[in-house]
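Excluded from the calculations below are hydrogen atoms, water molecules and symmetry mates; all remaining heavy atoms, backbone and side chain alike, are included. When a ligand or atom number is given, it counts from 1 through the structure's own listing order. Note that the structure is predicted; figures quoted are calculated from it, not measured.
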Amino acid sequence: MLQGTRRFFEQDVEVKKQYYTRDGTKKVVHACNFDLYSPSVPAANWRDSLFCIMTPNPPCPEEFPTACREILMELSDHIMKLGKSVFELLSEGLGLNPSHLNDMDCAEELAVLSHYYPACRQPELPMGTSKHSDNGFITVLLQDHIGGLQVLHQNQWVDVPTPGAVVVNIGDLLQLISNDKYISVEHRVLTNKAGPRISVACFFCTGPLPSSNLYGQMTELLSEDNPPKYRVTTVNDYTGYYRKKGLDGTSALLHYEI
Ligand SMILES: O=C(O)CCC(=O)C(=O)O
Ligand SMILES: [Fe+2]
């Protein structure tokens with residue numbers, strides 16, 4: 001998939017431009033910086049991205065770019081299986097039945113966001129991706145050997161090892177439904193003189209598509225000493241707010257705190 005992403009981004013601009021749109025409700029979106037026009041975001045990031053909705057309602061296969069179509073669909077099948085297993089482990093970690101998070105449909109929606117970070121002559125200036133936590137339940141991330149991904153741990157930026165490691169990030173919606181038992185991880189990507197750097201983020205959450213499931217804190221985790229910390233929301237509503245706000249360095253969860 002990393003190679004498929006490279007094939008997509010390194011082809012002729014005339015081919016790529018068929019997929020270029022700033023309409024975030026489309027199922028295949030090639031764009032740079034989804035939050036380019038958010039007033040609170042101070043500067044653009046040094047990357048281009050390709051966003052594809054994979055499940056539950058994918059577009060027709062022909063709508064995916066030919067450069068990565070087959071591998072994208074193959075990857076999606078593998079990531080769905082991996083995701084289901086990870087949600088089983090995460091349910092057990094909360095002391096719940098292994099099927100709990102899958103029964104809540106946390107693994108129902110998958111979107112794949114592939115990134116291309118060009119080499120940068122002055123890497124101290126722009127960010128590849130600004131500090132943020134992901135909006136979905138979890139994200140499974142693949143990255144190449146270039147490096148630059150960092151997580152915030154005890155107020156220090158720590159490099160995430162490359163290559164070959166599959167990274168699983170806890171996202172905001174899992175923090176919300178677990179009432180802070182799981183905390184979404186803040187991370188960022190530095191730019192690099194070497195490159196391009198390629199990564200593929202698989203989000204368990206499709207984002208802007210309408211969804212009716214309401215997500216609040218799991219009652220099994222609540223008690224008098226541990227009351228709900230966040231307002232109930234839908235994936236669609238949460239993602240809409242997250243996208244409107246953009247990657248301005250603050251958490252979208254603050255807006256949902258009770
Ligand atoms: O490029 C990366 O390694 C991370 C990308 C990322 O954080 C995201 O897409 O949310
Ligand atoms: Fe992220």
Side-chain angles (χ1 to χ4, degrees), residues 1-6 8-9 24 28-36 38 41 44-54 68 72 75-76 79 83 86 109-120 123 126-153 157-175 182-192 194-208 235 238-239 241-253:
M1 186 60 207
L2 295 171
Q3 278 168 23
T5 302
R6 191 179 187 125
F8 173 77
F9 285 104
V28 177
V29 175
H30 163 39
C32 70
N33 292 249
F34 74 91
D35 54 1
L36 200 56
S38 300
V41 171
N45 286 167
W46 192 260
R47 67 164 198 282
D48 270 343
S49 308
L50 175 71
F51 177 78
C52 298
I53 300 264
M54 302 310 296
C68 55
L72 189 57
L75 172 88
S76 164
I79 298 287
V86 172
E109 300 187 359
L110 182 70
V112 173
L113 181 64
S114 308
H115 300 293
Y116 186 92
Y117 300 85
C120 179
M127 270 288 162
T129 300
S130 307
K131 173 185 168 198
H132 69 286
S133 51
D134 296 341
N135 60 317
F137 294 102
I138 58 168
T139 309
V140 179
L141 182 83
L142 321 173
Q143 54 170 331
D144 67 11
H145 61 285
I146 297 284
L149 175 65
Q150 297 185 320
V151 293
L152 194 60
H153 179 65
W157 287 109
V158 179
D159 291 334
V160 176
T162 57
V166 172
V167 178
V168 178
N169 287 343
I170 303 282
D172 290 349
L173 283 169
L174 186 54
Q175 176 166 346
Y182 289 128
I183 300 290
S184 60
V185 61
E186 293 196 287
H187 53 287
R188 67 179 187 181
V189 181
L190 304 178
T191 47
N192 211 306
R197 171 178 184 271
I198 291 161
S199 66
V200 176
C202 308
F203 296 96
F204 280 86
C205 154
T206 51
V235 173
Y238 190 80
T239 306
Y241 175 73
Y242 179 99
R243 288 194 171 199
K244 198 163 98 212
K245 187 179 77 58
L247 305 186
D248 63 358
T250 66
S251 169
L253 273 174

Original post:
Minimum heavy-atom separation for Gly83 to Phe204, with atom names?
Top reply: CA-CZ, 3.5 Å
**OP:** Looking only at non-hydrogen atoms, find the nearest pair between Tyr242 and Asp134 and report the distance.
**Re:** OH-CA, 3.8 Å
**OP:** Measure the shortest side-chain to side-chain distance between Cys202 and Val112 over non-hydrogen atoms and say whether it is less than 4.5 angstrom.
**Re:** yes
**OP:** State, to 0.1 Å, how close Thr5 and His115 come at their nearest heavy-atom pair, and which atoms those are.
**Re:** CG2-O, 4.0 Å
Subject >> For Glu186, all residues meeting side chain to side chain donor-acceptor pair (under 3.5 Å), sequence neighbours excluded >> reply: none
Subject >> Nearest heavy atoms of Phe51 and Arg243, plus distance in Å >> reply: CZ-NH2, 3.7 Å
Original post:
Name the one of Leu50, Leu75, Leu113, Leu72 that satisfies side-chain contact (heavy atoms from CB on, under 4.5 Å) with Val200?
Top reply: Leu75
Original post:
Looking at residues at least two apart in the chain, or sitting in another chain, which of them share a salt bridge (Lys or Arg N to Asp or Glu O under 4.0 Å) with Arg47?
Top reply: none
Subject >> Sorted by chain and number, the residues that approach ligand 1 to under 4.0 Å with a heavy atom >> reply: Leu113, His115, Tyr117, His132, Asp134, Leu141, Leu149, His187, Val189, Arg197, Ser199, Ala201, Phe203
**OP:** Determine the sole option in Asp159, Val189, Thr129 for which the side-chain contact (heavy atoms from CB on, under 4.5 Å) test with Leu149 is passed.
**Re:** Val189
Original post:
Which protein N, O or S atoms lie under 2.8 Å from the Fe ion (ligand 2), given by chain and residue number?
Top reply: His132 NE2, Asp134 OD1, His187 NE2
